[in-house]
Structures are given as C-alpha cells and as structure tokens.
Colleague: 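Quick one: structure below, then a few questions.
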Amino acid sequence: GGTKSASKDGAGEPLEVQINTNRVSSALTVLAENGGFNKEENIKVNLHVMNVAYADILSALSSNKVHVTTGGVGSTAPLRMMENGADFVVIGGQMGEGADIVTLPERAKEWENITAETVKGKKIGVVRTASGDIALRGALSRMGIDLSTIEYVELGNEPAIIEAIKKGELDAGNVQANLRDTAHQAGLVSALHVDKVSPNFICCRVLTRPETLKTRRSDLVHFMRAQLKAYRYLHTHQDEALALINKSIEVDEKVLRSQLFEDEHLKLEPDPTGKRVEEFYDSMKRVGYIEGKIDIKKQIDVSLYREALESLLKEEPNDPTWLKFRADYEKNNGAWS
Amino acid sequence: MKKIEFSNVSLTYDDDGTVYNALNQMNFSVEQGEFVSIIGSSGCGKSSTLSILAGLREPTEGQYLIDGKVSHGTGRNRGVVFQHYSLFPWMRADENIAFGIKQAFPETTDKEAADIAKEYLEKVGLAGFGKKYPYQLSGGMQQRTAIARTLAMQPEILLLDEPFGAIDARNRILLQDLLLEVLGKEKEKKTIVFVTHDVDEAILLSDRILFMDKKRILEEFEVPFSRPRKREEIFQSRDYINLRQSLLSCFFSGIQEKIGGEEVVL
Amino acid sequence: MKKIEFSNVSLTYDDDGTVYNALNQMNFSVEQGEFVSIIGSSGCGKSSTLSILAGLREPTEGQYLIDGKVSHGTGRNRGVVFQHYSLFPWMRADENIAFGIKQAFPETTDKEAADIAKEYLEKVGLAGFGKKYPYQLSGGMQQRTAIARTLAMQPEILLLDEPFGAIDARNRILLQDLLLEVLGKEKEKKTIVFVTHDVDEAILLSDRILFMDKKRILEEFEVPFSRPRKREEIFQSRDYINLRQSLLSCFFSGIQEKIGGEEVVL
Amino acid sequence: MTTAALEEKKRFSFSWPAVQWFIPHVLFAVLLALIFTPGADDSTPHGAFLAVLGISEAALLINRKSRALTDIMTILYLLFIAWEFGTTKADSVNLLLYPSPAKVFAIFASDWHKILDGIRSSMYLLGVGFTLALVLGVLLGILTGSVARLRDSLLPLAKVISPIPPIIYTPYAVAVLPTFEIASIFVIFSSIFWQIYIQTALSVSGIDKKLLDSAKTMNLSAPAMFFHVLWPYCLPNIMKTLPISVANAFMVLTAAEMIGATSGLGYFVRYYADFADYTRVISGIIIIGIVVSVLNYGIAELERKVVRWH
Amino acid sequence: MTTAALEEKKRFSFSWPAVQWFIPHVLFAVLLALIFTPGADDSTPHGAFLAVLGISEAALLINRKSRALTDIMTILYLLFIAWEFGTTKADSVNLLLYPSPAKVFAIFASDWHKILDGIRSSMYLLGVGFTLALVLGVLLGILTGSVARLRDSLLPLAKVISPIPPIIYTPYAVAVLPTFEIASIFVIFSSIFWQIYIQTALSVSGIDKKLLDSAKTMNLSAPAMFFHVLWPYCLPNIMKTLPISVANAFMVLTAAEMIGATSGLGYFVRYYADFADYTRVISGIIIIGIVVSVLNYGIAELERKVVRWH
Ligand SMILES: Nc1ncnc2c1ncn2[C@@H]1O[C@H](COP(=O)(O)OP(=O)(O)OP(=O)(O)O)[C@@H](O)[C@H]1O
Ligand SMILES: Nc1ncnc2c1ncn2[C@@H]1O[C@H](COP(=O)(O)OP(=O)(O)OP(=O)(O)O)[C@@H](O)[C@H]1O
Ligand SMILES: [Mg+2]
Ligand SMILES: [Mg+2]
C-alpha cells in the first residue's frame with residue numbers, strides 16, 4: 001500500500017481520462033480504476049469511453065475536456081498533430097505491438113524471409129493510421145526496401161480486409177490483435193508478426209497537455225503508479241484481473257483471455273518507451289505521413305514514469321515487476337536520471 | 001338495335017366495408033347518333049353512370065350493352081372527356097392529341113400523328129396554340145384540346161362528364177357553340193352521352209334529356225328543336241321556356257322534398 | 001357619403017419585370033346597405049377589384065374610400081368570402097367560426113365564441129354539422145360555413161368573390177335563397193359587393209349590377225325588384241327577361257368583338 | 001338483391017384469397033421443419049429463435065384479416081427460410097459474417113439487459129436531439145419559407161451545410177459543447193435538423209396564395225398566422241417526412257454514440273462491429289429495425305390522431 | 001400616367017435597396033482591412049484567400065442585380081470576417097482545430113491536383129451509384145406505388161432497412177461484390193436508393209384517381225402507362241428530392257471512399273480527419289460545399305429544362 005504519498009496538487013479534483021473499450025489497449029487504465037489502484041493512490045479518476053474516432057479524442061484533449069488520453073488514438077494521429085503544432089506530451093505507455101500480416105495458409109511462406117523481391121508488387125490491405133501498418137512499413141523501409149513497390153489498399157475496417165483476402169482480391173492484410181482470432185476463424189493464418197521486424201513498436205500512448213503536466217503533475221505520477229500496480233496485478237492475479245477488465249471491455253471472456261495472457265505479440269505496459277516513439281515518428285516520415293519537421297523528443301516526458309517507478313522501488317525494492325521495468329528502462333528511454 | 005343499353009344496372013361502392021349503393025336498377029338506352037344529356041343534382045349518380053359506360057367500373061348487378069353486345073372494360077369505341085384532368089399536364093397541347101392518336105392507332109407514324117393533331121387543333125379554334133402546355137392554356141382552351149384529342153381518336157361514342165363545369169359563363173357559351181359546330185362537321189354522327197348541371201346547356205345541345213334522381217332515371221324530356229340550332233332563337237321560343245320550367249321544377253321538387261323531410265344533403 | 005368609392009383606381013401587376021395592367025382608371029361607388037354585383041368575363045379584373053377592396057393589394061394609382069376615408073390594408077370592417085379556401089381545412093366548422101370571432105373580438109372567451117359559432121351555424125342551416133372538418137362537408141356546406149364565419153365577425157362590408165362558383169346548379173339555388181334570408185335577418189343592412197359569372201344570380205340577389213370589361217366598369221343596371229324577392233315570380237316577369245337579355249348581350253357583344261378581331265382569349 | 005349479388009361475388013372469389021392467407025403458415029411449418037433438421041450449427045440453443053417465430057406467428061394469427069401483415073410475414077418467413085438454410089444447411093458458408101438465426105436470436109436472450117439499456121439510452125439521445133431538431137427546424141423553416149428573401153438566401157446555404165457528415169464536425173462538437181452527452185445529442189440534432197428545416201421551408205413557400213389571402217382578410221395577428229395557419233398547413237408534410245428523419249437519426253446513432261457513450265443501440269452495433277462480432281451486430285440491427293418499426297407505427301398513429309382534416 | 005406613377009414609386013423607394021446592395025461591398029472592404037492588419041498568423045501567404053475573395057466579389061459585381069446573391073454574399077462575408085477575426089486577431093484560439101482562412105485556402109493552391117483528382121474520382125463513384133439508385137429506385141418505386149398490395153407490404157420493410165448505416169454492411173459489400181470500387185458504389189447506391197424508392201412509391205400512390213381514370217379511358221398499354229403517365233407524374237417530385245439525395249450521397253462519401261480508394265473528396269476529408277489535420281479537412285469540406293452547390297444548381301437547371309409543365 002502506497003497511500004502515504006497522497007497527491008496534493010489536484011486537491012481532490014478528478015482526473016478526466018479517456019479510454020477505449022473496443023479493444024484491449026486501455027486495459028491497464030481500466031484495471032487501475034476497477035481494481036481500486038487509483039483509489040489506493042488517492043486520486044479520483046473519471047473514465048470517458050471514446051472509441052476509435054481519433055479526431056474526437058484529440059479534440060477532447062486539446063479542449064481540456066479530458067486531461068489524459070490512453071487508447072484508441074494509436075500514435076499516428078497525435079504525432080501528426082504534434083508535427084502540425086499541437087502541444088501534446090507523451091508521458092506513458094499503454095499497448096505495444098499487436099499486429100499481424102494475415103494471409104491464406106498456402107501463401108504464408110511468402111513472408112518467411114522478407115526481401116525486396118518477396119514483397120514486390122504485393123497488395124496489402126491496411127486500416128489507415130493503424131500502428132502495425134506504420135511499424136511494418138517503417139521496418140521495411142529501414143531494411144532498404146522501396147515502399148513504392150508495394151501496393152497498399154486502405155479499407156475502412158478489418159473484417160473487410162479479411163473478406164478481401166479470402167476472395168483473393170488482396171495478397172495479405174495487416175490486422176490488429178483484436179481481430180486476429182477473427183481472421184484465423186475465417187481461415188487465414190498469421191504469416192508475420194509485425195513485432196518480429198519491428199520489436200516493441202508502440203501503439204497507444206498516454207498523452208496529456210503541458211499545462212496539465214504543470215498543474216497536475218503529482219496526480220499524474222500517482223496515475224502512473226496505479227498503472228504500474230495494475231500491470232503487476234494483471235500478471236499475478238490473472239483471473240481476478242480478467243474479471244475486472246471484462247466489466248468495462250465487454251468482449252467474450254475467452255477472446256479477452258487470449259489477448260491479455262496468451263498472446264506473445266501484444267504488450268500492455270505503462271512504460272512510455274520514448275525511444276520507440278522516436279522510431280515510430282521516423283517510420284511515419286518514411287511512409288510519407290509527415291515531413292518530420294519537429295524535434296519529437298520535446299513532446300516526450302518520461303520523467304513522470306521514472307518518478308513513479310522510483311517511488312515504487314523505494315517502497316518495495318525487491319518486487320520483481322518493478323525490477324523488470326527498471327531493467328528495461330535504459331533500453332526504452334535512455335539514461336535513468 | 002340501340003347503340004347503348006343499360007339494363008337493370010346497379011352499382012355499389014365498397015370502401016373497406018362501408019357499402020354505398022350509388023345506382024339502383026337503372027335502365028335507359030341511347031340510339032345510334034343520338035345526343036343524350038343526363039341532368040340531376042349532385043351525388044345522384046351521373047358520374048357513376050358515365051364511369052360504367054366508359055368501362056372504368058363494372059356494374060355490381062345488371063349489364064350494359066353496346067351495339068347489342070354486353071360490354072366490359074374500356075374500349076377504343078368510346079372516348080371520354082372529364083371536367084378536370086382530361087389532359088396530361090406534361091404534354092403540350094399537340095403532343096396530348098398526337099399521343100391519343102398513337103394510342104388509338106399504333107401504326108400511325110409520329111409525323112402523321114402530328115399532322116392530324118394540328119388539323120384537330122384548328123378544328124377547335126386553337127391553331128397556333130399547339131406548343132403550349134396545359135397550364136399555359138385557360139380552362140376553356142384545355143377543354144377544347146381535350147375534345148380535339150378525343151375526336152382525333154375517332155370513337156363511335158362520346159362520353160362527356162360536365163366538360164364545361166369549370167368554365168365561366170361566357171366561355172361556356174363559346175364552347176357549347178363549338179361543340180355543336182365540330183360535331184356537325186364529323187363524317188359520321190357520334191352517339192353522345194353528356195352529363196351536366198346546366199339546364200340551358202342540356203336544352204341547347206341534346207336531342208333528349210334524362211333527369212336522374214334516386215339512383216336512377218326518373219324522367220325523360222324530348223328536346224323539340226331541329227338542328228342546326230341558333231341559340232338566340234331557341235332562348236326566345238315558348239317551347240324553351242316551358243321545357244326549362246319543367247326541368248327546373250324537377251330540380252325544385254327534389255329540393256322541396258329534401259327540405260321538407262329531415263334529410264339535408266347539400 | 002357613399003360607403004365605398006373607387007376613384008380612378010388602376011392596378012398593375014409586376015411579375016419580375018413582366019408588367020400587366022389589370023385595372024385601368026376604374027370608378028364606381030356603393031351606397032351604405034346596397035347589394036352590388038360585379039359581372040364580367042373571365043380575366044376582366046373582378047377579383048383584382050375585390051382584392052383591392054379587401055385590402056390585399058394597394059392600387060398602383062388612384063385610391064378607394066370607405067366611409068369617405070382613404071383606406072389601406074385589410075380591416076375588421078370588411079369580411080371576404082372566396083370561391084375556394086375560405087375555410088381552414090384543419091379546423092372543424094365550428095372552430096373555423098369561433099376562430100374568426102376570436103380574431104375579430106379578442107376579448108371574447110372561448111365559451112362565448114363557441115356559443116356564437118353554434119348560433120351562426122344554425123342560422124345557415126348547419127346545426128349539428130359543427131364538428132365536421134371542411135373535407136367532410138360538401139362544397140355548399142363549406143360555403144355556408146364560410147358565410148357564417150364572415151357574418152359572425154360582424155363586418156360592415158361583405159365582399160364575395162364568386163362564392164357559389166363551384167357549387168352545382170341545384171345547391172346554388174339553395175345557397176342564393178339562404179344568403180338572401182340570412183342577410184335579411186341581420187340587424188343592420190350590410191353593404192355588399194358580389195362578384196359572379198351567373199346573370200340569373202346577379203339579378204336575383206342584387207340592387208345594382210355593374211358590368212365590367214376592358215379593365216373598368218362599362219355599364220350599370222338597376223335591378224327593379226323589391227325585397228323580399230320570390231324566385232319564381234322574378235323569373236317569370238317581363239322585367240327579368242329584358243334585364244337578362246341586356247346583360248347577356250353585353251356578354252355576347254364582347255365575344256363577337258373578340259372573335260371578329262384577332263384577339264382570341266378563352 | 002344487390003347484397004345477395006355481392007355475397008355471391010365474395011363466395012365466388014373466395015378460393016384464391018384463402019390460399020393466400022395460408023401461405024405464411026405453410027412457410028412457418030417449412031421453417032420449423034428446417035430448424036429441426038440436423039445441420040451445421042446445432043450447438044446453439046434454438047429457444048430464442050423459436051420464441052421469436054412463435055410471437056410473429058401469434059401476431060399473424062391475431063391479425064389474420066390484415067392482408068398487409070400476411071404479405072409481410074410471407075416475405076419475412078421466406079427470408080428466414082433462406083437465412084436458416086444458407087447458414088445451417090448449405091456447405092462452406094462464412095459463419096463469421098453470416099451467423100445462423102438461432103445464434104443471432106440467442107443474443108436477445110443472453111444480452112437482453114444490455115439491449116434494454118441500449119434502447120433506453122438511445123431513446124434518450126434521440127428524444128432530445130429529435131425534439132430540438134423538430135422544434136427549431138419547424139420554427140426556422142416556417143420563418144424562412146414564409147419570407148421570400150430569407151428563403152432565397154438561406155436555403156442555398158442550408159443545402160451546402162446539410163451534406164457535411166458527422167465525422168467531420170464531431171471534433172468541434174466535442175470541443176465546443178460542455179459535455180460529451182450534449183455533443184452526442186448535437187450529432188443527432190444536426191443529422192435531421194437541416195432536412196426538417198429545408199423541407200418545412202419548401203413546404204411553407206409552396207402554400208397556396210389564396211389560402212394566405214383568405215387568412216389575411218381575417219386580420220390575423222402574427223402569432224395567429226404562425227400557429228393557426230402556417231404551422232397546421234405544414235403539419236401533414238412534416239409528419240410525412242418524419243420516418244425519413246427517424247431513419248437518418250438512426251443512421252448517425254453509431255457516430256453519435258461513439259462520443260462518450262457506454263450504452264445505446266448505435267454503441268452496441270458499432271462496438272461489436274469493431275470486434276467483428278457479427279452475431280451481435282446483426283442482432284443489434286434487428287433490434288434497431290424493430291425500434292424503427294415501432295417508432296414508424298407510432299408516427300403513423302400520431303399522424304392519424306393529429307392530422308384529421310383529410 | 002400609370003407608368004409614370006410606377007416610375008415615381010421606384011424612385012421613391014430607391015434609397016433602402018441601394019444601401020442593401022452596398023452592404024456586402026462594405027463588408028468586403030472590412031474583410032480586406034482585417035486581413036492586412038497584423039495578427040497571429042502572418043506566416044501563411046494570403047494569396048489563395050485573396051483570390052477566393054476576389055472571385056466572389058467579381059461574381060457579385062457581375063450579378064449585382066440578384067438580390068439573393070447579394071444576401072448570400074452578405075452572410076458569407078460576415079462569416080469570413082468572424083472567421084478571420086476569430087482565428088488571427090483573437091487571443092488563445094486553438095489554431096489546430098480552427099485554422100485561419102488564409103491557411104485553409106492556401107490548401108487550394110498547394111493541393112489543387114489532389115483536389116481535382118478527388119473531384120474526378122468522387123464524381124465517378126457518385127455518378128454510377130446515383131444513376132443506379134435513381135433508375136432502380138424510380139422503377140421499383142413506381143411499381144410498388146401503383147400496386148396497393150406491394151405498397152402495403154414492401155414499404156414498411158423498406159423503412160426498416162433504410163436506417164442501417166454503411167459501416168455495418170461494408171464488410172458484406174466487400175465480401176459479396178467483385179471489386180472494391182463496386183463495393184464503394186454500392187455504399188453510395190444504398191444510401192440513396194431507399195429514400196428515392198420510398199419517396200417515389202409514396203408519390204405514385206398519391207396520384208389523383210381522376211388522372212388515372214382519364215388515362216385508362218384512352219386504353220393505354222402498360223408501357224405507355226408507365227412511361228407516359230406514371231413516370232412524368234413522379235418526375236417533378238423526384239427532381240425536388242434530388243438535392244436531399246445528393247446531400248445524403250455526399251454524407252456517405254467518406255464511408256464509401258474508405259473502401260480501397262486512393263482519391264476522392266470523401267477520401268481527402270476522411271484521410272486528413274484521421275490525422276486530425278483540420279486545415280485540410282475544412283478545405284475539403286469547402287470544396288464539397290462548392291461541388292454540392294454546383295450540382296444543386298445543375299439539378300435546378302435540369303428541373304427547369306425537364307419539368308416545363310408548371
Ligand atoms: N369511389 C367511391 N366510393 C364510395 N362512394 C362513392 C365513390 N364515388 C362516388 N361515390 C358516391 O356515390 C354517389 C354518386 O356519385 P357520383 O359521382 O356518381 O355523383 P354525380 O351525380 O356525378 O355528382 P356530381 O354532380 O357532384 O358530380 C355519391 O353519393 C358519392 O358520394
Ligand atoms: N398575380 C398576378 N400577376 C400577374 N397578373 C395577374 C395576377 N393576378 C391576376 N392577373 C391578371 O390580371 C387580369 C385580371 O385578373 P382577375 O383575377 O382580376 O380577373 P377576374 O375577372 O377575377 O377573372 P375570373 O373571372 O377568371 O376570376 C387577368 O388577365 C390575370 O391574368
Ligand atoms: Mg359527377
Ligand atoms: Mg376572379
């Protein structure tokens with residue numbers, strides 16, 4: 001119990017937090033609330049469900065209707081908005097990885113060894129701005145493959161991509177984790193996990209505005225602490241955590257379980273992974289979604305996360321979860337100080 | 001053999017269960033080439049009679065014969081002019097007529113139909129108005145066009161349901177004269193059933209007047225004037241004043257009766 | 001002092017640039033309590049005259065006086081009945097009348113208005129029909145209601161634009177008699193301008209008939225019958241036949257002229 | 001005699017209608033037979049589906065004199081048969097996109113509280129948005145339509161604004177309006193407001209000049225003109241376009257309920273569409289269909305009550 | 001004399017209209033002054049914005065007799081002034097959500113090839129989808145409307161189907177239809193088909209019985225009845241509802257052009273909405289507004305040409 005460092009700056013003012021419930025990306029935030037960790041941290045959090053519509057979520061953030069966004073936005077739209085001058089700050093992580101190239105079983109081997117030759121002329125279905133798509137394309141580009149040799153077909157949703165692959169209208173499709181089982185049921189296979197070529201690529205991040213960062217910093221640190229605690233709980237009390245998450249993310253329990261615990265290629269973690277954000281920004285530039293004209297480092301503030309983790313380590317120096325995150329810190333965010 | 005024979009015709013309207021008996025055991029006949037007017041107060045069943053003759057409704061009971069044969073449905077041998085909606089608003093005057101001709105005689109070419117249409121427009125005094133849409137014509141001109149169209153389709157029988165009912169008094173006079181004139185010029189004499197409210201009109205135009213009430217023909221009047229008729233002469237003759245008086249008293253008796261009894265149907 | 005005076009009234013319609021002169025230097029007057037009919041062929045400007053009197057249009061030139069004062073716009077002292085659309089289709093017969101009363105006399109309570117409405121419905125022979133919507137009434141009944149509403153609003157002047165123009169011959173007779181009867185019963189004699197196409201109607205109802213043509217009043221006829229009038233007596237009198245003949249020849253002369261000249265306006 | 005003749009006529013033509021009345025019941029039997037034939041999807045309990053069929057059959061039997069209902073049920077049963085056959089008896093069907101009827105109707109049983117909750121919260125959003133759009137649309141529409149100048153300048157602008165899809169303006173709604181719920185209501189509002197506004201303005205501007213003249217000669221006050229002439233004049237037309245507005249409102253319900261909602265029919269459908277759970281999506285669509293039908297029925301009844309003058 | 005009186009009347013009432021005609025030009029001057037006042041967003045070149053203003057001012061001067069255009073421009077200039085003021089002169093405005101007019105119009109200059117391409121490809125999708133919906137909707141609508149029995153059974157079903165949003169059926173369209181393009185067309189098709197179908201059916205079923213009787217007495221063949229009576233009868237009503245259908249079609253254009261499209265106005269708007277690039281979203285919406293206005297103008301012209309009988 002870390003109740004002793006109760007937050008002061010909000011003076012009991014609630015933190016308005018956006019979540020999404022149509023995939024597992026906000027699961028940690030949901031668990032932090034439903035599992036009582038926010039309460040334990042003595043902060044009041046109001047969750048607002050906003051699914052999918054990037055613009056709405058960012059508008060809610062920039063007009064201060066919510067203080068923090070956690071999911072649904074992915075990272076493409078916010079990074080692009082930052083490039084255009086939006087003052088958002090990445091302060092934490094939510095979900096990473098969780099995207100597959102799916103195709104017909106007999107064509108899976110085409111994705112075993114990726115070279116310029118094997119991907120040339122392929123017609124790949126994507127959902128625009130999906131993180132997995134940008135991660136894969138960025139990785140291919142970094143491998144020296146000319147992206148213009150691949151044909152990307154933007155479809156509105158993943159079921160449409162799945163149907164189009166089955167009909168042979170597409171060679172493959174890039175689908176997100178929550179539709180992976182659906183694709184498999186439809187007779188497709190995962191030919192490539194995008195994290196294989198772009199390890200630890202980011203999806204949804206925790207975003208806030210600099211002003212909030214100034215006025216509610218202590219609340220936000222407690223918010224991050226609750227997230228870390230939720231992460232630990234998720235892995236130490238799987239069944240209970242599942243039930244708590246399932247209260248807000250009302251998908252079939254089996255599906256939820258497979259995504260939360262049995263999927264090697266989907267990560268839920270509070271680490272902002274600043275370096276991965278920079279990499280993602282670079283990928284967006286390679287894909288042509290942005291010009292890359294800002295210094296993205298200035299929009300990332302990992303110090304809250306570090307402060308949260310540090311305080312937890314002080315309280316429980318031997319906790320394996322805290323130690324794991326401490327160990328990953330440098331690789332993800334740079335020097336610990 | 002009569003041209004038209006109504007034999008014990010009854011008509012019942014069935015509007016989703018509410019049954020209304022509009023014609024009751026009606027009998028009358030019209031000779032070949034005869035001009036017969038049906039006159040009677042509103043709602044007595046004149047239009048119902050005409051719609052049976054036109055083939056738009058089948059009698060609920062009884063039957064009607066044309067040329068001695070029981071008749072069903074509409075047919076090319078009959079032409080109809082109504083008070084309203086006789087013309088298609090989306091066709092110009094000449095197109096309306098040409099369309100009628102093409103329907104009656106499908107083998108006619110467009111050119112021929114247009115020529116005949118022009119000819120009939122001239123006949124009804126509308127030369128030069130062929131390119132006008134109905135809305136651009138006065139009510140009188142519309143009815144002239146409707147008459148022209150119906151004549152151009154060359155029916156043996158002409159059915160007219162208050163064709164001048166919506167025309168003002170002065171133009172009505174012109175149209176009555178026109179009808180007499182145009183009909184006089186046709187090669188073969190048409191058989192005509194003409195529904196009207198106007199006693200003077202009925203006297204001026206017809207050979208015989210049927211007074212209708214209580215869902216059937218109540219009285220018949222022969223019109224004693226020879227043709228061609230001159231309006232002024234007729235209107236000053238003693239015969240006219242007598243016939244008019246008899247017809248009007250038919251009307252009045254109906255009114256008196258209804259006002260006397262409880263039934264007020266206006 | 002005349003009740004109504006038209007002094008050199010001209011009216012020009014301007015439809016987006018196309019200018020049409022409908023009334024040209026028109027003069028006439030109506031005495032207090034007089035019943036004047038305006039008769040004339042279609043398009044001669046009768047309705048335009050009435051709409052000026054009603055205050056729906058301002059004269060382009062000239063002016064008209066009511067009780068010796070120049071008048072503008074609509075006013076409570078005038079009541080109007082048109083051929084169509086005189087009733088609001090969404091109000092029941094009694095509601096139409098009560099609504100009129102409430103407009104004319106805003107201080108009336110709903111209860112009072114309903115009572116007066118009922119009284120007037122009785123006056124026009126429609127007791128028991130108050131709860132019907134206009135569409136449930138025949139044309140004649142609708143016009144009775146319209147007359148009742150206008151009378152209930154107690155105007156000094158009654159303007160009627162072919163109020164019986166759409167009513168069949170028989171019901172027309174009933175309505176004419178009704179109008180005479182109801183007007184006879186009113187406390188004060190109304191001043192009335194009545195537009196019609198029907199020569200007989202004009203003779204039967206009015207004290208004076210104005211024949212209108214060429215955008216102004218062309219001739220005037222005094223009607224020599226005393227009141228109360230009996231239809232049958234009038235229709236058999238020599239005066240009637242003469243007056244009718246003069247009026248009809250006014251009509252005819254117009255037609256002859258138009259057919260003789262090139263101008264065919266039907 | 002006339003009545004006798006009518007009777008005979010009826011007896012004579014009795015045979016074909018009688019067959020017609022039987023068709024849906026025969027189809028019902030076929031459907032039942034099909035359901036109880038073993039097939040691909042026998043794991044799902046058929047209770048809910050059978051209950052739905054039972055209710056519709058009962059409704060048909062109660063209203064067995066309605067030809068329209070008989071025809072509608074004939075069409076529906078044919079659709080059900082095709083659906084049941086295609087999803088459980090035919091081979092190689094895509095059960096993801098095409099779940100069997102038993103599966104879809106089973107959702108009614110398992111998710112009924114969510115569905116009821118969804119109906120309640122959607123009805124709230126729709127009710128508020130619709131009422132606002134109706135009141136403002138009619139008020140402004142009558143005003144615009146009755147003044148030629150406003151009509152000529154505002155209607156072209158309205159026609160340009162009306163096709164903007166909600167996805168474009170929701171961010172502004174979120175930014176400007178105080179709560180997410182109000183933003184949702186605004187989305188529904190603006191999906192129907194323009195249409196009602198434009199239609200009312202056009203309808204008012206088409207009013208017969210004679211009727212207006214008749215009203216003017218009665219010296220009506222401006223409020224009397226508005227409430228006792230223009231408004232009732234427009235009412236039938238407004239009632240007639242209401243079902244289209246209802247359809248539009250439901251069409252944007254998925255967009256409206258993406259803003260901060262956690263329940264609602266649009267939310268339900270959209271939520272499970274995101275998970276590709278088409279069984280639930282289709283059951284949601286059916287619920288929407290039922291709700292829309294009930295609303296349309298209500299509108300028709302209201303129309304009969306309110307527009308009694310023709 | 002009459003003409004003289006008219007003249008005088010005109011001269012007398014000349015003053016106020018004259019002021020009216022000046023108002024938009026005064027506003028134009030105010031707007032120019034505002035633009036050249038230093039403000040928050042002076043980095044963006046004003047060329048495109050000034051060009052747009054110049055064109056609209058020229059259009060107004062050419063049609064200076066049109067009162068409607070004068071009024072519309074007055075409103076537009078007022079909006080422009082508010083917009084320019086709010087985004088460049090007022091403090092603390094969110095320039096991302098509310099880009100300045102100069103920025104938005106600058107997109108016209110920078111992205112004109114994309115925009116033209118978008119117009120072309122959207123017009124293609126709309127053209128095909130619209131034509132199909134119109135032809136089928138009218139054909140089936142007339143058929144349904146003229147047979148009471150079809151009307152009573154099919155219209156209630158159509159009213160239930162019409163509110164299904166495209167987001168629900170796109171996967172089915174992709175699955176069933178051979179190409180993405182056809183699926184896109186289908187989305188547009190089904191967004192307007194139902195409305196045209198329902199409206200046509202209602203309009204036909206409202207035809208005056210007397211007109212039908214009149215046609216019947218001419219012994220019309222079935223095709224003549226269809227093409228020369230029912231179809232022209234419906235035409236004015238169809239023309240009148242076309243602008244609403246255009247609005248609906250553009251409303252779903254964003255959904256339709258999500259299926260495999262790489263250009264199009266809906267694609268453009270949606271693409272940048274996904275990236276929350278509001279400058280481009282708004283410029284796209286303005287383009288859509290212009291295209292819709294042009295289409296509405298075309299429809300009005302077509303209506304004048306085709307419906308000449310009243
Ligand atoms: N389609 C119908 N359904 C039910 N009743 C009808 C129908 N058509 C006419 N009627 C009724 O049948 C009676 C006769 O109508 P019909 O139209 O034949 O009279 P009419 O003599 O032509 O009257 P009018 O002089 O007013 O034209 C009327 O009472 C009328 O209400
Ligand atoms: N609003 C208008 N705009 C232009 N011209 C008009 C308008 N109203 C009437 N007219 C024209 O003015 C002339 C007189 O019309 P008015 O309605 O007064 O005639 P009327 O004598 O009442 O005819 P009717 O007997 O047919 O009712 C007609 O030629 C008509 O075409
Ligand atoms: Mg009749
Ligand atoms: Mg008139």
Side-chain angles (χ1 to χ4, degrees), chain D residues 66-72 74-76 94 97-98 149-150 152-154 156-157 159-169 171-172 175 191 194-195 198-199 202 240 243-244 246-255 266 269-270 273 276 278 281-282 284-285 288-290 292-293 296-297, chain E residues 66-72 74-76 94 97-98 149-154 156-157 159-168 171-172 175 191 194-195 198-199 202 240 243-244 246-255 266 269-270 273 276 278 281-282 284-285 288-290 292-293 296-297:
Chain D
S66 159
R67 198 180 62 179
L69 190 67
T70 308
D71 289 350
I72 290 174
T74 305
I75 298 170
L76 282 185
N94 180 345
L97 276 184
Y98 309 105
R149 183 158 184 183
L150 289 181
D152 291 346
S153 55
L154 294 183
L157 291 177
K159 282 185 190 162
V160 171
I161 297 173
S162 63
I164 300 177
I167 168 178
I168 301 306
Y169 57 77
Y172 296 96
S191 76
W194 294 107
Q195 196 166 1
I198 293 175
Q199 294 251 17
L202 287 178
K240 220 166 269 147
I244 295 172
V246 167
N248 280 347
F250 270 88
M251 201 121 163
V252 300
L253 202 57
T254 48
V269 161
R270 176 70 197 238
Y278 281 94
V281 169
I282 292 177
I285 287 292
I288 288 180
I290 293 170
V292 167
S293 300
N296 282 342
Y297 177 80
Chain E
S66 160
R67 198 181 62 178
L69 190 67
T70 307
D71 289 349
I72 290 174
T74 305
I75 297 170
L76 282 185
N94 181 345
L97 217 46
Y98 309 104
R149 182 157 183 186
L150 289 182
R151 190 179 69 227
D152 292 345
S153 55
L154 295 183
L157 291 177
K159 282 184 191 161
V160 171
I161 297 173
S162 61
I164 300 177
I167 167 177
I168 302 305
Y172 296 93
S191 75
W194 294 108
Q195 196 166 2
I198 293 174
Q199 294 250 17
L202 287 178
K240 219 166 272 150
I244 295 172
V246 167
N248 279 346
F250 271 87
M251 202 120 163
V252 299
L253 201 57
T254 48
V269 161
R270 177 69 196 237
Y278 280 97
V281 169
I282 292 177
I285 285 295
I288 288 181
I290 293 170
V292 167
S293 300
N296 281 342
Y297 177 79

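Chain A is the first sequence line, chain B the second, and so forth, proteins listed ahead of strands; every chain is numbered from 1.
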Colleague: Could you look at D/L69 and say if it's the side chain, the backbone, both or neither that has a heavy atom under 4.5 Å from chain E?
Modeller: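 Neither the backbone nor the side chain of D/L69 comes within 4.5 Å of chain E.
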Colleague: For the interface with chain E, which of D/S153, D/G284, D/S66 has the highest count of heavy-atom pairs at distances below 4.5 Å?
Modeller: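 Greatest number of close heavy-atom pairs with chain E: D/S153.
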Colleague: Side chain, backbone, both or neither: which part of E/I161 has a non-hydrogen atom closer than 4.5 Å to chain D?
Modeller: neither
Colleague: Go through D/L253, D/V281, D/I244 and name the one with the most non-hydrogen pairs under 4.5 angstrom from chain E.
Modeller: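 Ranked by contacts with chain E, first place is D/I244.
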Colleague: Examine whether an atom of D/L97 lies under 4.5 Å from a heavy atom of chain E, and if so say whether it belongs to the side chain, the backbone or both; otherwise answer neither.
Modeller: both
Colleague: Do you know which of D/R67, D/K240, D/Q199 has the most heavy-atom pairs with chain E at a distance under 4.5 angstrom?
Modeller: D/R67
Colleague: Looking at every heavy atom in both D/A247 and E/S162, which two are closest together, and how far apart are they?
Modeller: CB-OG, 3.8 Å
Colleague: Please tell me if the side chains of D/V246 and E/K159 come closer than 4.5 Å, counting only heavy atoms from C-beta onward.
Modeller: no
Colleague: Can you confirm whether E/L157 sits close enough to D/I75 that some side-chain heavy atom of one is under 4.5 Å from a side-chain heavy atom of the other?
Modeller: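 In contact.
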Colleague: Name the region of E/I282, side chain, backbone, both or neither, that has any atom closer than 4.5 Å to a heavy atom of chain D.
Modeller: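 The side chain, not the backbone.
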Colleague: Can you tell which part of E/P243 gets under 4.5 Å to a heavy atom of chain D, answering side chain, backbone, both or neither?
Modeller: side chain
Colleague: Which pair of heavy atoms, one from E/G289 and one from D/V160, lies closest together, and at what distance?
Modeller: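 Looking at all heavy atoms of both residues, the closest pair is CA-CG1, 3.4 Å.
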Colleague: Measuring heavy-atom distances to chain D, does E/T254 have an atom under 4.5 Å in its side chain, in its backbone, in both, or in neither?
Modeller: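 For E/T254, side-chain heavy atoms alone lie under 4.5 Å from chain D.
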Colleague: Can you tell me which portion of E/L76 sits under 4.5 Å from chain D's heavy atoms? Options are side chain, backbone, both or neither.
Modeller: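 Just its side chain gets close to chain D.
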Colleague: What part of E/I72 lies closer than 4.5 angstrom to a heavy atom of chain D: side chain, backbone, both or neither?
Modeller: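 Both parts, backbone and side chain.
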Colleague: For D/I168 versus E/Y278, what's the shortest heavy-atom pair and its separation?
Modeller: O-CE2, 4.4 Å
Colleague: Looking at chain E, which one of D/V252, D/N248, D/L202, D/N296 has the largest number of heavy-atom pairs inside 4.5 Å, strictly under?
Modeller: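 Of the options given, most contacts go to D/N296.
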